[in-house]
**Student:** 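Next up is a structure, given as structure tokens.
Just so it is clear: chains get the letters A, B, ... in the order the sequence lines come, proteins before strands, and each one is counted from 1. Note: hydrogens, waters and symmetry copies are ignored here, and every other heavy atom, side chains too, is used.
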2 protein chains.
Amino acid sequence: MKKISRRTIPRTLLYLRTLESLIKEGRYTVSSGELARITGLTDVQIRKDISNFGRVGTPRIGYKTRELKNILKDYVLPENIIRMVLFGAGSLGTAILKYPGFRKQRLKISAAFDKDKRKTGKTINGVKVYPVERAPEVIRKSRVDIGIIAVPSEHGQEVADLMVGSGLKGIVNFAPVSLNLPENVSARDIDLSIEFLALYCDTRM
Amino acid sequence: MKKISRRTIPRTLLYLRTLESLIKEGRYTVSSGELARITGLTDVQIRKDISNFGRVGTPRIGYKTRELKNILKDYVLPENIIRMVLFGAGSLGTAILKYPGFRKQRLKISAAFDKDKRKTGKTINGVKVYPVERAPEVIRKSRVDIGIIAVPSEHGQEVADLMVGSGLKGIVNFAPVSLNLPENVSARDIDLSIEFLALYCDTRM
DNA sequence: TTGTAATCGTTACAAATTTCACGATTTTTA
DNA sequence: TAAAAATCGTGAAATTTGTAACGATTACAA
């Protein structure tokens with residue numbers, strides 16, 4: 001299995017999203033050129049990315065939407081559901097729990113945790129909110145893959161430590177703080193202020 | 001003014017965040033090595049990024065936290081407040097309206113818009129929710145820089161068109177759909193499913 | 001059946017980004 | 001005062017990423 005370059009992965013997920021939308025519209029085929037117009041990337045890049053996954057297109061026609069979707073899925077989607085847990089049932093945490101886009105993807109939030117006793121015990125969008133103390137136990141019991149940090153930044157590190165201690169290997173961190181993590185744990189930081197300010201810089205150049 | 005490479009901008013914003021935190025702890029100086037340990041980047045990359053902004057460090061000492069902060073600010077933060085508007089006052093929109101990290105940065109949401117008459121008229125965290133029809137008028141009146149899309153994906157494009165029509169030059173798009181935008185409008189897409197799935201791929205490699 | 005147009009896949013090329021290596025500078029210490 | 005230690009800044013090398021060019025392939029039309 002060919003090694004896939006770091007940046008092609010999110011692009012491939014984007015192709016998948018696009019293909020699913022085209023399939024829903026009833027489209028049977030699509031060319032790299034059209035995918036380029038839709039996604040804002042270039043046709044060459046799309047062909048090159050797809051060539052990682054084998055010779056799958058047909059000259060003069062393009063790609064069969066369903067076939068390409070299935071091939072890409074093999075590389076970037078897991079066979080089973082990805083189980084996630086969420087820390088922090090504030091407004092951001094609640095928004096994540098209610099996010100409708102996870103259902104189609106194979107993403108599922110198994111449990112949520114919060115420090116605040118007024119929030120624990122509730123169920124938000126079908127997900128139970130436990131007190132943080134129960135996190136290690138609940139995580140171990142249900143084979144969780146990814147943890148989400150949606151707590152105030154001053155508690156980010158302690159929550160991260162708790163996750164690492166419970167065996168999680170992937171963290172998505174919405175708290176605007178740099179986490180100190182062991183080598184074998186992957187993280188993805190989403191700092192809204194940085195996203196917005198970076199966009200602002202883009203508009204000025 | 002030297003041209004700053006695309007990827008150094010978000011890193012510079014990260015340095016700024018880190019410096020502000022160090023300053024709050026009372027630190028006067030910091031070395032590239034320590035910034036590297038905190039942020040997870042390498043010391044060379046940090047020195048090289050900073051060298052874009054002039055010779056500001058002192059050998060054997062490192063960087064003065066306040067001085068470096070002020071210099072970086074000049075390059076990546078605007079003089080004035082950045083005004084933003086939000087489309088979609090659902091749970092994600094509400095979370096963005098309540099996001100506490102914007103206050104320290106120079107980011108301010110001036111107004112929100114929603115289609116749903118049950119949501120309009122309210123005020124969420126001090127921000128008034130208007131019916132979408134009033135968007136062009138409100139945007140023009142208050143010199144807005146950036147628009148945020150937090151509506152269901154099937155309405156993403158129409159909202160984007162409305163934003164472009166109202167003169168916005170930057171869009172942050174949380175809807176999992178590719179927007180068709182004119183050349184002169186910058187966009188940043190944040191698709192939560194893609195973020196989570198990409199992280200999952202990272203954990204498997 | 002042959003020619004033509006559209007599109008893919010791939011090799012070579014270019015650009016951007018990161019890493020390396022090391023000289024220069026400054027503080028501290030002997 | 002001279003040597004040592006720590007750190008910066010930077011040109012060059014290496015790597016990664018993206019782009020261009022173009023031959024190969026296929027469907028379709030004449």
**Student:** In whole angstrom, give the distance that lies between atom CG of A:Asp49 and atom P of C:dT10.
**Tutor:** 14 Å
**Student:** Measure the distance from CD on A:Glu67 to C1' on C:dC8 and round it to the nearest whole Å.
**Tutor:** 13 Å
**Student:** Taking OP1 and OP2 of C:dC8, is either one under 4.0 Å from a side-chain nitrogen or oxygen of A:Ser32?
**Tutor:** yes
**Student:** Once hydrogens and angles are ignored, does a donor-acceptor distance under 3.5 Å link the base of D:dT19 to the side chain of A:Lys48?
**Tutor:** yes
**Student:** Counting heavy atoms from C-beta on, name the nucleotide in D:dA21, C:dT17, D:dT26 closest to the side chain of B:Arg6.
**Tutor:**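 That would be C:dT17.
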**Student:** Is the shortest side-chain N/O distance from B:Tyr63 to OP1 or OP2 of D:dG9 below 4.0 Å?
**Tutor:** yes
**Student:** Rounded to the nearest Å, what distance is computed from the CD atom of residue A:Glu34 to the C1' atom of nucleotide C:dT7?
**Tutor:** 13 Å
**Student:** Atom CD1 of B:Ile46 to atom C1' of C:dT18: distance rounded to whole Å?
**Tutor:** 13 Å
**Student:** On the nucleotide C:dT4, are OP1 or OP2 found under 4.0 Å from the side-chain N or O atoms that A:Arg60 carries?
**Tutor:**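 No, no such contact exists.
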**Student:** Would you say B:Arg11 places a side-chain N or O within less than 4.0 Å of OP1 or OP2 belonging to C:dT18?
**Tutor:**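 True: B:Arg11 side-chain N/O within range (under 4.0 Å) of C:dT18 OP1/OP2.
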**Student:** Does A:Glu154 have more than 12 heavy atoms from other residues, nucleotides or ligands lying within 6.0 Å of its CD?
**Tutor:** yes
**Student:** Determine whether more than 12 heavy atoms belonging to other residues, nucleotides or ligands lie under 6.0 Å from atom CZ of B:Arg6.
**Tutor:**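 Atom CZ in B:Arg6 is not packed in, count stays at 12 or less.
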**Student:** How close or far is atom P of C:dG9 from atom CG of A:Asp43, stated in whole angstroms?
**Tutor:** 12 Å
**Student:** Measure from CG on A:Leu41 to C1' on D:dA20 and round the result to the nearest Å.
**Tutor:** 17 Å
**Student:** When all nucleic acid strands are considered with a 4.0 Å heavy-atom cut-off, which category describes A:Ile50: base, sugar-phosphate, or nothing?
**Tutor:** nothing
**Student:** Does a side-chain N or O of B:Thr58 approach OP1 or OP2 of D:dC8 to a distance below 4.0 Å, or not?
**Tutor:** no
**Student:** In whole Å, I'd like the distance from the CZ atom of B:Phe53 to the P atom of D:dC8.
**Tutor:**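 One finds 16 Å between P of D:dC8 and CZ of B:Phe53, rounded.
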**Student:** Expected output is a numbered-order residue list: members of residues 196-204 of chain B with a heavy atom under 4.0 Å from any atom of DNA chain D. What is it?
**Tutor:** none
**Student:** OP1 or OP2 of C:dG9 less than 4.0 angstrom from a side-chain nitrogen or oxygen of A:Arg55, does that happen here?
**Tutor:** no
**Student:** Can you check the A:Asn52 CG to C:dC8 P distance for me, whole Å?
**Tutor:**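 A:Asn52 atom CG is separated from C:dC8 atom P by 16 Å.
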**Student:** Kindly compute the distance separating OG (A:Ser186) from CZ (B:Arg204), expressed to the nearest 0.5 Å.
**Tutor:**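 A:Ser186 atom OG to B:Arg204 atom CZ measures 10.5 Å (nearest 0.5 Å).
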**Student:** Which heavy atom of B:Ile96 sits nearest a heavy atom of B:Phe102, and at what distance?
**Tutor:** O-CE1, 3.6 Å
**Student:** Do you know which two heavy atoms are closest between A:Leu168 and A:Val85, and how far apart they sit?
**Tutor:** CD1-CG2, 4.0 Å
**Student:** Report which part of the nucleic acid B:Ser5 touches: base, sugar-phosphate, or nothing (heavy-atom distance under 4.0 Å, all strands).
**Tutor:** sugar-phosphate
**Student:** Can a side chain N or O of B:Thr42 be found less than 4.0 Å away from OP1 or OP2 on C:dT19?
**Tutor:**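 For C:dT19, OP1 or OP2 has a side-chain N or O of B:Thr42 closer than 4.0 Å.
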**Student:** Specify the residue among B:Pro59 and B:Arg47 whose closest nucleotide of DNA chain C lies further upstream toward the 5′ end.
**Tutor:**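 Residue closer to the 5' terminus by nearest nucleotide: B:Arg47.
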**Student:** Could you tell me whether B:Arg7 contacts a base, only the sugar-phosphate backbone, or nothing, with contacts defined as non-hydrogen atoms closer than 4.0 Å?
**Tutor:** sugar-phosphate
